[in-house]
Amino acid sequence: MKIDDFRLEKFFNKYEFNAPYLLCCSDCESMPLGELLSLEPDAKENFLKSQLGYSESFGDPELLFEISKTYDCIDERGILEFAGAQEAIFIFMNSVLEKGDHLITMFPAYQSTYEICRAIGCEVSNWELVQTSNGWTIDTDSLANLVKPNTKIIALCSPNNPTGYCLSMEQNKAIASLAQRHGLLVFSDEVYRGLSENEPPSFADIYESAF
Ligand SMILES: Cc1ncc(COP(=O)(O)O)c(C=O)c1O
């Protein structure tokens, strides 16, 4: 598999650790480990007792349970842990897609989502966000026009990186019903979930074939 350059990472590689002020980050300010461990009584002692070694294949059961609490309709059996979202994108796309399949991606979006698909040999169509004087917007009706006989996945990124645009519950329902009609999977990148006010529930809570 030949994956094209990840343009964002190339940019970061050049500037991230030497620019005096970083205005391009998408993550929030991080905290030292000691500060994190001070948030809960006994956390530091428990952390220092952690045993290094192999973990369970699906991930640590306690963490699976805690993650499941952020969903309404999914319990810990529906969760898989990864070392980061990048790894989850890579594994999901490689598990589900075959050469010749078609993916529709909200655009702009995080490059891995569509670049991995291209590297597998899939066709990619952009479902484009549009910038207006009132901010970004996207037309749910136009999504239907992008569906082809070989479409397998609709990939969403909401809250969106890089625009910050957040799909509403109404839009999510319209996407879910389109996906249902055509038997499509929805891959919903919710890395920034929780950053916007009045966000709808996770897509996995409203559509059973969403990941
Ligand atoms: C929308 C989006 N998805 C996925 C990722 C990758 O996340 P991770 O660094 O956890 O692999 C990022 C990282 O910035 C992102 O912005």
Side-chain angles (χ1 to χ4, degrees), residues 1 3-19 21-33 36 55 58-60 63-64 66-68 70-71 74 78-97 103-120 122 124-131 135-138 143 152-168 171-172 175 185-197 199-207 210-211:
M1 175 189 273
I3 306 177
D4 207 0
D5 283 349
F6 196 151
R7 290 185 289 282
L8 182 67
E9 286 304 326
K10 285 200 119 182
F11 175 85
F12 278 135
N13 184 43
K14 206 163 161 194
Y15 300 112
E16 191 175 2
F17 295 100
N18 53 27
Y21 303 105
L22 272 183
L23 303 178
C24 58
C25 297
S26 60
D27 54 342
C28 47
E29 189 65 35
S30 60
M31 59 168 80
L33 197 50
L36 177 69
S55 61
F58 287 82
D60 180 76
L63 181 56
L64 288 173
E66 289 302 321
I67 295 171
S68 73
T70 66
Y71 295 88
I74 294 175
I79 313 272
L80 248 185
E81 285 165 21
F82 292 95
Q86 189 86 253
E87 190 189 17
I89 294 169
F90 185 85
I91 291 178
F92 178 80
M93 296 304 173
N94 273 287
S95 310
V96 166
L97 292 170
L103 168 128
I104 302 170
T105 176
M106 200 171 174
F107 193 86
Y110 197 63
Q111 195 186 341
S112 306
T113 315
Y114 49 90
E115 212 59 67
I116 302 290
C117 306
R118 287 212 178 99
I120 295 168
C122 298
V124 175
S125 298
N126 293 342
W127 178 42
E128 305 223 1
L129 282 146
V130 180
Q131 198 166 20
W136 291 91
T137 181
I138 200 157
L143 181 60
K152 208 169 221 177
I153 298 176
I154 298 173
L156 307 174
C157 181
S158 172
N160 181 258
N161 182 0
T163 63
Y165 181 80
C166 193
L167 289 164
S168 66
Q171 287 172 311
N172 280 351
I175 298 165
L185 306 178
V186 172
F187 180 81
S188 184
D189 182 335
E190 295 169 10
V191 160
Y192 298 102
R193 191 173 160 212
L195 287 186
S196 304
E197 282 174 24
E199 274 177 33
S202 170
F203 215 96
D205 274 329
I206 66 157
Y207 182 51
F211 301 88

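Sequence positions, counted from 1, serve as the residue numbers for this chain. Counting starts at 1 for both ligands and their atoms, following the listed order.
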_Over 12 non-hydrogen atoms of neighbours within 6.0 angstrom of CZ in Phe58_ = no
_Ligand-side contact atoms (ligand 1) for residue partner Gly84, heavy atom cut-off under 4.0 Å_ = 10 (O), 11 (O)
*For residues Ser202 and Asp205, is any side-chain donor paired with an opposing acceptor at under 3.5 Å?*
no
*Side chains of Tyr192 and Ser26: do they bring a donor and an acceptor to under 3.5 Å?*
yes
*Considering heavy atoms of the protein only, find what lies nearest to atom 14 (O) of ligand 1 and give residue, atom and distance to 0.1 Å.*
Tyr192 OH, 3.4 Å
_Give me the residue, atom name and distance of the protein heavy atom closest to atom 8 (P) of ligand 1._
Ala85 N, 3.5 Å
*What's the spacing between Trp136 CH2 and Gln131 CD if we round to 0.5 Å?*
4.0 Å
*asked:* Just to be sure I read this right, does ligand 1 sit under 4.0 Å from the backbone of Cys157, its side chain, both, or neither, counting only heavy atoms?
replied: side chain
_Which of the numbered atoms in ligand 1 are under 4.0 angstrom from any heavy atom belonging to Gln86?_
6 (C), 7 (O), 8 (P), 11 (O)
*Heavy atom of the protein closest to atom 1 (C) of ligand 1 (residue, atom name, distance)*: Asp189 OD2, 3.3 Å
*Just jot down the salt bridge (Lys or Arg N to Asp or Glu O under 4.0 Å) partners of Lys10, sequence neighbours excluded, or say none.*
Asp5
